[in-house]
Structure formats: structure tokens, C-alpha cells
There are 2 protein chains.
Amino acid sequence: MKRTEFILQSLRQNGHRITKARRALIKALLRTKQPVAALELHARISKSKVAIDRVTVYRELKFLADIGVVHPVNLKDNIQRYEIAPVSGHKHHLVCTACKTVKNVNVACADLHNLEALLGKKNNFIVREHSLEFYGLCAHCA
Amino acid sequence: MKRTEFILQSLRQNGHRITKARRALIKALLRTKQPVAALELHARISKSKVAIDRVTVYRELKFLADIGVVHPVNLKDNIQRYEIAPVSGHKHHLVCTACKTVKNVNVACADLHNLEALLGKKNNFIVREHSLEFYGLCAHCA
DNA sequence: ATATTTATGCAAATCATTTGCATTTAGGGA
DNA sequence: TCCCTAAATGCAAATGATTTGCATAAATAT
């Protein structure tokens, strides 16, 4: 459980408080291997006898995203999900459109960065980020 | 106004009816250069004195997406947008996170297809599609 | 222990989208 | 042209995710 403490530590150092809700949220986030929605997370936490409000989960996730502890993930169903931010960079996903299972995949974003520079120049934009997700059918659903 | 007629024609040929709502929707969709949300589209159509219901817009957009006339576009705000499907392939977008302007950009998806094949093999998935969007600041907002 | 400020809970609002159902209407055929 | 039937529409109300307002609780520095 070292990762949890590391995150809490850095929160504390930045003047944020360590509360029951925050601790439960981060632990729950670390436990999941897939991006989770606020309500999903709230359900899981509730099941583990920790009582925190739905609204707190929404607020906390947004807060954690603001400070970069979690990354927002947007798939095609227009539900906001989050995942613990990796140590560096960001993740890409492979989503089964049938069972909704999400797998993390490695993509060499460096290749995209050239493209981004090009697009930026061509369109007079400063390109800051990209989102790249893959959709298909997992072995089980195919 | 040839494109409109072409689309209506092909709808007719597939046994779908040409209604006032459908015609207005398609014309409105062809008029916009950026992905539009249902409510946005409804507002525009209403402004042009054509009275069609919000619900009809939602239903129609979903229908048009099902038959491939429009493509759903998902950006980071979890609002469902649509755009007229290009003759072949699909579009990618460059979104200004400040003013929300969306520009279409050309991406050689062929490069991604190699990657998709690889990911599919590695994860035992059948990869069907991808979504790749870019975010940044336009010249005006930078 | 106390003050101060951050974080939480509860209720209610909001926003996008969907559903049920009764009514209208496009378009093929008599 | 009129009618028939399925397809499309409109209206009202439901749903689901997310947000907001406000008063309270509780985490830390002093």
C-alpha cells in the first residue's frame, strides 16, 4: 500500500487535507485496473462500509484531476471516467464495445508528437494534448 | 444544394421517408463545418422558422448515425455531437479548449491501422475503430 | 485547545438525453 | 385521387449524470 501513502503525502505537502473520503477514494482508484465513473466508484466505496456522499465523489474526482493525480478518460458513452495518472505520460485504451471491458494499451505517443507539431503549424494552433482510444471486440465477445 | 438531394435520394431508396424534419436536419448538418450537438442543431433549425421537436432531433440524429449518414463525435465535454460523414473514412478534430472551436484535420489513419493490427494481436481483440482528437489553443485564444 | 479554512453532506437544481403513447403523415397501391 | 399502413413526430414526463447552494463538520497550523 505504498502508492497510496505516496499520493497522500504529496497532497499533504501541497496544503490539502487528508480526509476519510479522500483516502477511501484514492485507495479505491488504485484498486481498479480500468477507468471508473464517479457513480461506480461511489457504489464500490459504499459497499466497503465507508459512507461518503455521491457529491463528494464527484467533487473529489474533479479535484484530483485538477491537481493531476487522476486523468479524465472519455469513451464514447459520454460518461466521465477517471484513472490514476501513470508516473509519466498518459494511457490509451482498447474498449470492447460489447462488454465494455477496457484494456490499457501502450502507444508510442512520440510518433504523434511530430504529427501534432505539423497540425499545430498548419492550423495555427498550439496543440497541448490528444486523446486516442481504440474500440472493438474482445476475445470473449467476438 | 446537390449534396442534400443525394442524401435524401439514398434515404428514399432504402425505404425511409422524406419528412420536413429530416430535410431540415440534413440541410442544417450540411451547413455546419463543425460537429454539432442535438440541442444546438435544434436551436438553429428553430431559428429558421422550421418547427420540429427537440426529441425528433435526438431521434433523427441517432437514426442518421445508425445508417451512416452522420458520424458521432465525442469530445471531452461528454456532449454528443455529430457531423456529416465524409465520402470515405472519418474525420479527426483539433479542438480549442478555450473557445471550443473545432477544426477538421487530416490524419493518415493508415499508419494507425498497423498499430491497430498489432494491438489486436497482442490483446486478443478485434479492433474495429479508433478515435483520435487533438486539444489545444487556437491562434485567437493562445 | 482554538481558530480558520477546507472538505463534506443533504437537498434541490440543472442539463442532456430517453421513453411512452397517442397522433400525424409520407408514399405505395387500389 | 383516395386510402392504408408503417414510419415519423410531438408532447409530457421520466431518467441519469452531474452541479450548486448552503449550512455543518472536521483537519491542521498555532
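All values below were derived from every heavy atom in this structure, side-chain atoms included, with hydrogens, water molecules and symmetry-related copies excluded. Residue numbering restarts at 1 for every chain, and letters A, B, ... go by the order of the sequence lines.
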Q) Donor-acceptor pair, A:Glu83 side chain versus A:Gln34 backbone, under 3.5 Å? A) no
**Q.** Candidate pair A:Arg54 and A:Leu39, rule side chain to side chain contact (heavy atoms under 4.5 Å, CB included), full reasoning
**A.** CA-CA 7 Å; A:Arg54 266 223 284 328; A:Leu39 292 177; 2.9 Å; yes
Q. Quick one: NZ on A:Lys76 to CD on B:Glu129, what's the gap to the nearest 0.5 Å?
A. 3.5 Å
Q: Flag yes if more than 12 heavy atoms outside A:Arg12 fall under 6.0 Å of its CZ atom; otherwise flag no.
A: yes
Q) Distance from B:Arg44 atom CZ to B:Leu25 atom CG, nearest 0.5 Å? A) 12.0 Å
Q.
Please report the distance, rounded to the nearest Å, between CG in B:Asp53 and C1' in C:dT25.
A. 16 Å
(Q) Taking the nucleotide of DNA chain C with the nearest heavy atom to each, does B:Lys20 or B:Tyr58 sit closer to the 5' end? (A) B:Tyr58
Q. Quick one: on DNA chain C, does B:Ile18 or A:Ile52 contact a more 5' nucleotide (nearest heavy atom)?
A. A:Ile52
Q. In whole Å, what is the span from the CZ atom of B:Arg54 to the C1' atom of C:dC15?
A. 10 Å
(Q) Under 4.0 Å from a heavy atom of chain A: give me the 5'-most and 3'-most nucleotides of DNA chain D that qualify. (A) D:dA17 to D:dT28
Q: Look up atom NZ in A:Lys103 and atom CG in B:Asn123, then write down how far apart they are to the nearest 0.5 Å.
A: 4.5 Å
Q: Scan residues 34-51 of chain A against DNA chain C and write down, sorted by residue number, each residue with any heavy atom closer than 4.0 Å; if none is found, say none.
A: A:Ala51
Q: May I ask you to decide whether A:Arg81 forms a salt bridge with A:Glu40, counting only side-chain N to carboxylate O separations under 4.0 Å?
A: yes
Q | Whole angstrom value for the distance that separates P of C:dT17 from CD of B:Glu60 | A | 16 Å
Q. When you measure from the side chain of A:Arg17, which nucleotide among C:dG27, C:dT4, C:dT18 comes out closest?
A. C:dT4
Q) Reckon B:Arg59 touches a base, only the sugar-phosphate, or nothing at all at heavy-atom distances under 4.0 Å? A) base
Q. Is a donor on one side and an acceptor on the other found under 3.5 Å between the side chain of A:His93 and the backbone of A:Glu133?
A. no
Q) When rounded to the nearest 0.5 angstrom, what is the spacing between CG in A:Leu75 and OG1 in A:Thr97? A) 11.5 Å
**Q.** Plane angle bin for B:His113 and B:His130 - parallel if under 30°, tilted between 30 and 60°, otherwise perpendicular
**A.** tilted
Q) On DNA chain D, nearest-nucleotide positions of A:Lys62 versus B:His16: which is more 5'? A) B:His16
Q. Among residues 67-81 of chain B, which residues get a heavy atom nearer than 4.0 Å to DNA chain D?
A. none
Q.
When you group the ILVMFWY residues by side-chain heavy-atom contacts below 4.5 Å and let the links chain together, are A:Ile79 and A:Ile45 in the same group?
A. no
